[in-house]
Amino acid sequence: MKTIDLKARWQELADVKDVLGARGWFPGTSGNLSIKVSDDPLEFLVTASGKDKYKRTDEDFVLVNRHSKPVEDTQLKPSAETLLHQKVYELTDAGCSLHVHTVSNNVISELYANKGEVTFQGQELIKAFNLWEEDAVLRVPIIENPAHIPDLANLLAEKIDDNVFGVLIRNHGITVWGRNAFEAKKHLEAFEFLFESHLAFRIHTQGGR
Ligand SMILES: CSCCC(=O)C(=O)COP(=O)(O)O
Ligand SMILES: [Zn+2]
């Protein structure tokens, strides 16, 4: 792998992390981000586990292989949820995968958990997913949150298809992806806007019921 690629991807992911951090989207060290560095063999940078993601250091990311293991010896531990990012790269053409816990995505995930998905229609932000047809519908699957990460990763994998751009994890967060950091961030911002506006609408029209 060319060193310049690694440095460029590191910088790209660090810049996205700063923007998401400025929005307060990493409460209590939650959240993890990754960016693909190599396709074959699969290698990607992922946030180190348990760190304060509001800070920017030279130990923010770990380069891992297709088995989610560090490529080089390191004291740093890859994210506890690296396996979810691995599944995204295995099953899609994603170049970047973002996982955040927000109040809105947690509340939405619980409100619609029993339906197994939440759908959006008629909002302009749906076009952020390249859905431009009149009355296009955006589907967001919702999965349960087993503590055993391999089980969680398998639940995520079962929901991935060409018409899915992110998966909600019940009372946990969302994992979103895109072909590159720009698109993954665009998708995440659009999801969070749709969640927040939906919840605000319910509060203003139904008193939150
Ligand atoms: C304190 S959040 C619990 C772990 C989690 O869900 C998360 O997103 C962050 O875990 P990581 O190992 O990536 O720091
Ligand atoms: Zn998480």
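Numbering of ligands and ligand atoms starts at 1, following listing order. Quick caveat, the model's predicted, so the values are computed rather than measured. Reckoned from all heavy atoms, side chains included, excluding hydrogens, waters and symmetry mates.
- Looking at residues two or more places apart in sequence or on another chain, you find a side-chain hydrogen bond (donor to acceptor under 3.5 Å, both in side chains) between Glu192 and Thr102, Asn105.
- Residue-level check: among N/O/S atoms of His99, NE2 sits closest to the Zn ion (ligand 2).
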Exercise answer, ligand 1 polar atom pairs (N/O) under 3.5 angstrom:
residue  : atom   : partner : partner atom : Å
ligand 1 : 6 (O)  : Glu81   : OE2          : 2.7
ligand 1 : 6 (O)  : His101  : NE2          : 3.1
ligand 1 : 6 (O)  : His172  : NE2          : 3.1
ligand 1 : 8 (O)  : Gly31   : N            : 3.0
ligand 1 : 8 (O)  : Asn32   : ND2          : 3.1
ligand 1 : 8 (O)  : Glu81   : OE1          : 3.1
ligand 1 : 8 (O)  : His99   : NE2          : 3.3
ligand 1 : 8 (O)  : His101  : NE2          : 3.0
ligand 1 : 12 (O) : Ser49   : OG           : 2.6
ligand 1 : 12 (O) : Ala80   : N            : 2.8
ligand 1 : 13 (O) : Asn32   : ND2          : 3.1
ligand 1 : 13 (O) : Ser79   : OG           : 2.6
ligand 1 : 14 (O) : Gly50   : N            : 2.8
ligand 1 : 14 (O) : Lys53   : NZ           : 2.6

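- A salt bridge links Arg9 and Glu12; the closest N-O separation between the charged side-chain nitrogens and carboxylate oxygens is under 4.0 Å.
- Interatomic distance, CD of Gln121 versus CZ of Arg139, reported as 13.5 Å (0.5 Å rounding).
- Between His187 and Phe129, the ring planes lie parallel to each other; the angle is under 30°, not in the 30° to 60° tilted range.
- Using bins of under 30°, 30° to 60° and over 60° for the plane-to-plane angle, the ring pair Phe44/Tyr89 lands in the tilted bin.
- Below 30°, between 30° and 60°, or above 60°: for His99 and His101 the angle between ring planes is above 60°, a perpendicular geometry.
- Glu43 and Arg66 are not joined by a salt bridge, as no carboxylate oxygen comes within less than 4.0 angstrom of a charged side-chain nitrogen.
- Around the Zn ion (ligand 2), the angle linking Glu81 (OE1) with His172 (NE2) is 100°, rounded to 10 degrees.
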